[in-house]
A.B. asks: 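Sharing a structure below in structure tokens format, with a few things to ask.
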Number of protein chains: 2
Amino acid sequence: MGRVAKFDRDKAIEKVMYELWQKGYEACSVKSLSETLEITRSSFYHAFGSREALFKEALTKYFEQSPAKAFNEGNKQTPIKALFTDTFKHICSVVASANSLKGCMLVNCTSELANIHPDLSPYISDANKSIMAQFEYLVNCGKERKEITEHANTKALALILQNLLNGIYMMSKVPGNEDNLWLMAEQTLKSVDLYEG
Amino acid sequence: MGRVAKFDRDKAIEKVMYELWQKGYEACSVKSLSETLEITRSSFYHAFGSREALFKEALTKYFEQSPAKAFNEGNKQTPIKALFTDTFKHICSVVASANSLKGCMLVNCTSELANIHPDLSPYISDANKSIMAQFEYLVNCGKERKEITEHANTKALALILQNLLNGIYMMSKVPGNEDNLWLMAEQTLKSVDLYEG
DNA sequence: TAAATAGTGTACATGAATGTACAATATAGA
DNA sequence: TCTATATTGTACATTCATGTACACTATTTA
């Protein structure tokens, strides 16, 4: 079926993910991405269509490797407070580790592109909204499991959780040691009674 | 003393502040900023030295006009819980208003430039750290005033407050109606016993 | 082995962006 | 009015960046 590509498409997307994560969208020109992948721009357009299209693939890959993806595996059978506690603890540790890229690709892209980039802005908004929806779902699971009181405000808790998630990544860029990050996360979870340790 | 500038330097910085706030640092080239100001690049370099230098002036102006600057005016004579409650409420309302620029210039620039831009990165880190320090100071004032219990963890509270501040701006970019923002802020303040209403 | 096909590279035309050098301009004060 | 000087504009030499057209190359399968 014709000539085979001289590069591994999947590995290429991973490389691009790291570039975008680190440098942001606008800083990654087609020229610079092509040089990173050691292909010509022509091959780039042929393989990926456009920078926007590749961005979407890279963001998908980002979600797949994120320590926050554990939140997506929770359901009515999951001990919810333990899921929150363990996952946030794990995120703090991953994010603060020396060789980790700082910040969250989604947070970075949200501040760079939301309400700015005509094509990508809605895509990014949707990604944020689906995280929010997942937290609401998890809180509701906790209510069904009687771990969380029926009277708790689901939306408020989901907002606080999403804010905590974003904030851990954000703070990892500035003072950013694991102790501070976990101090914030632990106290937040405790103060809304979602901690279990 | 020579020819007078055809533009108002202070208004120019304000214009640049809005540009940077909205579009981010890299998206504001010297060319585009010069066009916005209706001066040539030559005049730009003459008047401001460099894009980096102007950025710093613009960020200073941003702080001066931010609704969060009320936090800087708190001291041992200030009712601290009321300060937190009122200021966060005000921020939610300002940020969600239709004609407001979305997001926080500092948050945007932190995700874009921290750990990336050699010259501006330390500058931005310092700005974040001084906000953190101010929150610690306010919490300590609250302790002296006996509004906040002596046993509270100052650092943890300051982290939570800074995270809330960042988060309000961040969320204003996505679902972003005032009700949601305030729901998050109110519940956060209540859950750490810094609410007074 | 030949054709079909998928991937690659060169080239083009164009505009954005940078920073500096030097000449032109306008104005305040002597 | 003259002159010192702050400000402005033109020009230059480069590099980055975009997207497409078309020719070239390698590989599969009929």
Side-chain angles (χ1 to χ4, degrees), chain A residues 1-59 61 108-109 112-113 116-121 123, chain B residues 1-58 108-109 112-113 116-121 123:
Chain A
M1 285 289 266
R3 184 172 178 176
V4 298
K6 83 170 186 191
F7 65 100
D8 181 327
R9 198 174 192 284
D10 211 57
K11 289 213 171 123
I13 292 171
E14 195 180 1
K15 271 192 192 172
V16 168
M17 175 193 81
Y18 284 118
E19 289 285 305
L20 290 166
W21 186 355
Q22 202 160 22
K23 301 181 182 168
Y25 182 74
E26 290 303 342
C28 291
S29 64
V30 172
K31 178 175 156 60
S32 79
L33 290 176
S34 302
E35 282 163 0
T36 300
L37 299 179
E38 296 177 287
I39 60 176
T40 61
R41 284 184 299 120
S42 178
S43 298
F44 180 97
Y45 284 111
H46 184 84
F48 305 111
S50 67
R51 190 158 125 244
E52 286 80 10
L54 179 52
F55 170 85
K56 293 178 185 176
E57 295 196 63
L59 190 59
K61 186 164 281 288
N108 292 350
C109 294
E112 184 179 359
L113 302 172
I116 300 280
H117 193 290
D119 179 24
L120 296 177
S121 178
Y123 189 80
Chain B
M1 284 289 264
R3 184 174 178 173
V4 301
K6 80 171 187 191
F7 66 99
D8 181 327
R9 197 174 191 285
D10 210 57
K11 288 211 171 126
I13 292 170
E14 195 181 0
K15 272 191 192 172
V16 167
M17 175 193 80
Y18 284 118
E19 289 284 305
L20 289 166
W21 186 353
Q22 201 160 24
K23 301 180 183 169
Y25 183 74
E26 289 304 342
C28 290
S29 63
V30 172
K31 179 174 156 63
S32 79
L33 290 176
S34 302
E35 283 163 1
T36 301
L37 299 178
E38 296 178 287
I39 61 176
T40 60
R41 284 184 301 122
S42 177
S43 300
F44 180 97
Y45 283 112
H46 184 83
F48 305 112
S50 66
R51 190 159 125 242
E52 285 81 10
L54 180 51
F55 170 84
K56 293 177 184 177
E57 295 197 62
N108 293 349
C109 293
E112 183 178 0
L113 302 172
I116 300 281
H117 192 291
D119 180 23
L120 296 177
S121 178
Y123 189 81

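The structure presented is a predicted model; accordingly, all values stated were derived computationally and were not measured. Just so you know, these numbers use all the heavy atoms, side chains as well, and skip hydrogens, waters and symmetry mates. All chains are named by letter (A, B, ...) in the order of the sequence lines, taking the proteins before the strands, and each is independently numbered beginning at 1.
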A.B. asks: Quickly work out the Arg41(A) CZ to dT14(C) C1' distance and round it to whole Å.
C.D. replies: 12 Å
A.B. asks: Under 4.0 Å from any atom of DNA chain C, heavy atoms only: list the residues of residues 43-56 of chain A that qualify, in numerical order.
C.D. replies: Ser43(A), His46(A)
A.B. asks: Is the backbone of Cys28(B) close enough, under 3.5 Å, to the side chain of Ser32(B) for a donor and an acceptor to pair up by distance?
C.D. replies: no
A.B. asks: With salt bridge (Lys or Arg N to Asp or Glu O under 4.0 Å) as the rule and sequence neighbours excluded, what pairs involving residues 19-30 of chain A come up?
C.D. replies: Glu19(A)-Lys23(A), Glu26(A)-Arg51(A)
A.B. asks: To the nearest angstrom, how far is Ile39(B) atom CD1 from dT10(D) atom C1'?
C.D. replies: 15 Å
A.B. asks: Specify the separation, in whole Å, of atom CG of Leu37(B) and atom P of dT7(D).
C.D. replies: 15 Å
A.B. asks: Near DNA chain C, under 4.0 Å by heavy atom, which residues of residues 19-30 of chain B?
C.D. replies: Ser29(B), Val30(B)
A.B. asks: Hey, does Tyr123(A) have a side-chain heavy atom less than 4.5 Å from the side chain of Leu59(A)?
C.D. replies: yes
A.B. asks: Does a side-chain heavy-atom distance below 4.5 Å link Asn108(A) with Gln22(A)?
C.D. replies: no
A.B. asks: Would you mind reading off the distance between Asp8(B) atom CG and dT8(D) atom P, rounded to a whole angstrom?
C.D. replies: 12 Å
A.B. asks: I need the Ile13(B) CD1 to Leu20(B) CG distance, nearest 0.5 Å.
C.D. replies: 11.0 Å
A.B. asks: For Tyr25(A), check ring-ring contact (aromatic ring centres under 6.0 Å, His included) against everything at least two apart and list the hits.
C.D. replies: Phe55(A), His117(A)
A.B. asks: Provide, to the nearest angstrom, the distance between the CZ atom belonging to Arg9(B) and the C1' atom belonging to dT8(D).
C.D. replies: 16 Å
A.B. asks: Tell me, please, which residues at least two apart from Lys15(B) pass salt bridge (Lys or Arg N to Asp or Glu O under 4.0 Å).
C.D. replies: none
A.B. asks: Could you name each residue pair satisfying salt bridge (Lys or Arg N to Asp or Glu O under 4.0 Å) that touches residues 34-50 of chain B, not counting sequence neighbours?
C.D. replies: Lys31(B)-Glu35(B)
A.B. asks: Using the closest heavy atom to pick a nucleotide of DNA chain D for each, name whichever of Ser42(A) or Ser32(A) lands nearer the 5' end.
C.D. replies: Ser32(A)
A.B. asks: From dA17(C), dT8(C), dT8(D), pick the nucleotide closest to the side chain of Lys31(B)?
C.D. replies: dA17(C)
